[in-house]
Asks: 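Structure incoming, see below.
Whatever order the structure lists them in is the order used to number ligands and atoms, beginning at 1.
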Amino acid sequence: MHFDRAATLARLRAAAPFATDVLILGGGINGAGLLRELALNGVDALLADKADFASGATSASSRMIHGGLRYLENGEFRLVRESLHERNRLLKNAPHAVRPLPTTIPIFSRWSGLANAAQKFFSASEKPSKRGAVLIKIGLTLYDLFAGRDRVLPRHRFSSRAAALRKRPQLHPGIVCTATYYDAWVALPERLCLELIDDACALHPGAQALNYCGAVRTEGGDVVLRDAESGAELRVRPRAVVNATGAWIDLAGAALGEKTAFIGGTKGSHLVLDHPALLAATQGEELYF
Ligand SMILES: Cc1cc2nc3c(=O)[nH]c(=O)nc-3n(C[C@H](O)[C@H](O)[C@H](O)COP(=O)(O)OP(=O)(O)OC[C@H]3O[C@@H](n4cnc5c(N)ncnc54)[C@H](O)[C@@H]3O)c2cc1C
């Protein structure tokens, strides 16, 4: 590891206030990625997290690296194109952490969902719809197209009902066919996050990282951090502050004297099953349920 908490704390204590170009609050994937970008550009930065690195949403995600297929229905083409580009870059830059994920959609009709999708596209409907084979074909063709010329994953394919049931006899017998397309997954996003921080500190001596040290207030242009272990306060004098605290953005902002209300409440749930037969039936792929 190229970062050492005790050594960074000692540097901060000795300087009082510790001067740096950028103070990044929040050591999730966004803060870590930014630290590395700044290090690549030779910009000094201190990354501080009030808890452990990657302990927020970064470790609570569904671990999918996807381009957002369902956003196509809302006409968010630019978002999908950008997400697919990022997905491809992750597959290329971090193949030890990010793996291809074949994803299969069981399909129960050929034509349904077209009218609803058109309405949704023109913002006339928020109703969810059952998507038929034709609509899924259009969506997956666009998805492949937006993945760009630097193709890193195979194109989508359809399987007939007979072939799909031969491969997975446990599928619902009412299917008319299945479609399989490719996305990606990351088993350990925490590892990716730590690697970005480590990379930054190895690349540039002006890159520092400190966990268990959150921003608590400002004092005459300095930001005061509190060491959660000792309770000691440390003063940092940055030229710019980046609030990358995710769901805590308003709270961290308030500590810095910025009153915002970006977060209106959010919740995600995962259902984790200990079900060996179901796991075997997925055959290592993702399946729409
Ligand atoms: C249920 C769920 C499932 C998801 N699934 C996926 C998925 O499959 N694929 C995908 O790409 N995305 C997914 N996401 C979204 C993804 O998890 C987030 O976009 C991403 O992790 C946000 O990272 P972040 O760095 O902005 O925030 P976080 O990882 O939350 O990091 C914020 C950090 O700020 C720190 N902090 C808070 N206050 C302070 C302070 N005052 N001073 C210093 N530090 C502070 C916290 O300790 C925390 O570590 C999912 C999200 C949820 C909720």
Asks: Under 4.0 Å from atom 15 (C) of ligand 1, is there at least one protein heavy atom?
Replies: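 So far as the 4.0 Å threshold goes, atom 15 (C) of ligand 1 is out of reach of every protein heavy atom.
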Asks: Among residues two or more places apart or on two chains, list those pairs meeting side chain to side chain donor-acceptor pair (under 3.5 Å) that have a residue in residues 49-59.
Replies: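 Of all non-adjacent pairs touching residues 49-59, those that pass side chain to side chain donor-acceptor pair (under 3.5 Å) are D52-N211.
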Asks: What is the closest protein heavy atom to atom 12 (N) of ligand 1, and at what distance does it sit?
Replies: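 Result for atom 12 (N) of ligand 1: S61 CB, 4.3 Å.
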Asks: Mind listing the closest non-hydrogen atom pair of S83 and H66 along with its distance?
Replies: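 Looking at all heavy atoms of both residues, the closest pair is CB-O, 3.9 Å.
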Asks: G246 versus ligand 1: do any nitrogen or oxygen atoms come within less than 3.5 Å of each other?
Replies: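 Between G246 and ligand 1 (N or O atoms, distance only) the closest approach is not under 3.5 Å.
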Asks: With heavy-atom distances below 4.5 Å as the criterion, would you say the side chains of D144 and R151 are in contact?
Replies: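 In contact.
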Asks: Please state which protein non-hydrogen atom is closest to atom 30 (O) of ligand 1 and give its distance, to 0.1 Å?
Replies: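 In this structure, atom 30 (O) of ligand 1 has A57 N, 2.9 Å as its nearest protein heavy atom.
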Asks: Find all atoms of ligand 1 within a distance of less than 4.0 Å from any non-hydrogen atom belonging to G214, and give their numbers and elements.
Replies: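 Heavy-atom distances to G214 below 4.0 Å select 42 (N), 43 (C).
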Asks: Is D4 salt-bridged to R11, going by a charged N under 4.0 Å from an acidic O?
Replies: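 No, no charged N to carboxylate O under 4.0 Å.
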Asks: Give the atoms of ligand 1, by number and element, whose distance to some non-hydrogen atom of N30 is under 4.0 Å.
Replies: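 Listed by number with element, the hits are 22 (C), 23 (O), 24 (P), 25 (O), 26 (O).
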Asks: Protein heavy atoms near atom 25 (O) of ligand 1, is at least one of them under 4.0 angstrom away?
Replies: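 Within 4.0 Å: yes, protein heavy atom nearby.
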Asks: Looking at ligand 1, would A244 count as a contact under a 4.0 Å heavy-atom criterion?
Replies: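 The answer is yes, since A244 has a heavy atom less than 4.0 Å from ligand 1.
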Asks: Within less than 4.0 angstrom of ligand 1, does A255 place any heavy atom?
Replies: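 It does not, in that no heavy atom of A255 comes within the 4.0 Å cut-off of ligand 1.
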Asks: Taking the six-membered ring for Trp and the single ring otherwise, decide whether the centroids of F146 and H85 are under 6.0 Å apart.
Replies: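 Ring centres of H85 and F146 not closer than 6.0 Å.
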Asks: Show me which atoms of ligand 1 lie under 4.0 Å from any heavy atom of W248.
Replies: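 So the atoms of ligand 1 that pass are 30 (O), 37 (C), 38 (N), 46 (C), 48 (C).
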Asks: Is the number of heavy atoms from other residues, nucleotides or ligands under 6.0 Å of E82 CD greater than 12?
Replies: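 Atom CD in E82 is not packed in, count stays at 12 or less.
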Asks: Could you tell me the residue and atom name of the protein heavy atom closest to atom 45 (C) of ligand 1, and the distance to it rounded to 0.1 Å?
Replies: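 So the nearest neighbour among protein heavy atoms is T245 CG2, 3.5 Å.
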Asks: For a side-chain hydrogen bond (donor to acceptor under 3.5 Å, both in side chains) check, start with the C-alpha distance between T103 and D183, then their side-chain angles and the critical distance, and finish with the verdict.
Replies: CA-CA 7 Å; T103 301; D183 258 330; 5.3 Å; no
Asks: Would F53 and Y212 count as a ring pair (Phe, Tyr, Trp, His ring centres under 6.0 Å) if you check the C-alpha gap in whole Å, the side-chain angles of each, and the deciding distance to 0.1 Å?
Replies: CA-CA 8 Å; F53 299 126; Y212 295 102; 8.4 Å; no
Asks: Hey, which atoms in ligand 1 end up nearer than 4.0 Å to a heavy atom of T58?
Replies: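 This gives 21 (O), 23 (O), 25 (O), 28 (P), 29 (O) as the contact atoms.
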Asks: Would you mind telling me which of D44, D222, D21 makes a salt bridge (Lys or Arg N to Asp or Glu O under 4.0 Å) with R239?
Replies: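 The option that passes is D21.
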Asks: Just need the protein heavy atom nearest to atom 31 (O) of ligand 1, so name the residue and atom and give the distance.
Replies: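 Its nearest protein heavy-atom neighbour is G28 CA, 3.5 Å.
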Asks: Less than 6.0 Å separating the ring centroids of Y71 and Y143?
Replies: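 No, the ring centres sit 6.0 Å or more apart.
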Asks: Please state which option from M64, R63, H270 has its nearest heavy atom closest to atom 11 (O) of ligand 1.
Replies: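 Considering heavy atoms of M64, R63, H270, the nearest to atom 11 (O) of ligand 1 sits in M64.
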Asks: Step through the shown structure and confirm whether more than 12 heavy atoms of other residues, nucleotides or ligands are within 6.0 Å of CD on E219.
Replies: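 Atom CD in E219 is crowded, with more than 12 foreign heavy atoms closer than 6.0 Å.
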Asks: Based purely on interatomic distance, does I65 place a nitrogen or oxygen under 3.5 Å from a nitrogen or oxygen of ligand 1?
Replies: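 The answer is no, given that I65 and ligand 1 share no N or O pair closer than 3.5 Å.
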Asks: Checking a contact table here: which protein heavy atom is nearest atom 44 (N) of ligand 1, and how many Å away?
Replies: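 In this structure, atom 44 (N) of ligand 1 has K50 N, 3.1 Å as its nearest protein heavy atom.
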Asks: At what distance is the nearest protein heavy atom to atom 2 (C) of ligand 1, and which residue and atom is it?
Replies: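 Protein heavy atom with the smallest distance to atom 2 (C) of ligand 1: A60 O, 3.9 Å.
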Asks: Around R89, counting heavy atoms of other residues, nucleotides and ligands shown, do more than 12 lie under 6.0 Å from its CZ?
Replies: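 Check fails, neighbour count at 12 or below.
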Asks: With heavy-atom distances below 4.0 Å as the criterion, list the atoms of ligand 1 near G26.
Replies: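 Answer for ligand 1: 33 (C), 34 (O), 35 (C), 43 (C), 44 (N).
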Asks: Within a distance under 4.0 Å of any heavy atom of G56, pick out the atoms of ligand 1 and give their elements.
Replies: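 So the answer, numbered in order with elements, is 29 (O), 30 (O), 49 (O).
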Asks: Looking only at non-hydrogen atoms, which of S269, G268, S62 approaches atom 3 (C) of ligand 1 most closely?
Replies: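 That would be S62.
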Asks: Would a 4.0 Å cut-off, counted as strictly less than, catch a protein heavy atom around atom 53 (C) of ligand 1?
Replies: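 It does not: no protein heavy atom is found less than 4.0 Å away from atom 53 (C) of ligand 1.
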Asks: With the threshold set at 4.0 Å, does a side-chain nitrogen-carboxylate oxygen contact exist between E233 and R13?
Replies: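 No.
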Asks: Suppose I only count heavy atoms of A48 and a 4.0 Å limit; which atoms of ligand 1 are within that range?
Replies: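 Once the distances to A48 are compared, the set is 43 (C), 44 (N).
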Asks: Less than 4.0 angstrom from a charged side-chain N to a carboxylate O is my criterion; do R70 and E76 meet it?
Replies: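 No.
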Asks: So, does K267 sit close enough to ligand 1 that a heavy atom of it is under 4.0 Å from the ligand?
Replies: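 No.
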Asks: Hey, is ligand 1 close enough to A215 that some N/O pair sits below 3.5 Å?
Replies: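 Min N/O separation from ligand 1 is below 3.5 Å for A215.
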Asks: Taking it one step at a time, do E195 and H96 satisfy side-chain hydrogen bond (donor to acceptor under 3.5 Å, both in side chains)?
Replies: CA-CA 11 Å; E195 283 180 358; H96 61 293; 2.8 Å; yes
Asks: Considering both backbone and side-chain atoms of D49, is one of its nitrogen or oxygen atoms within less than 3.5 Å of a nitrogen or oxygen in ligand 1?
Replies: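 Checking ligand 1 against D49, an N or O pair does fall under 3.5 Å apart.
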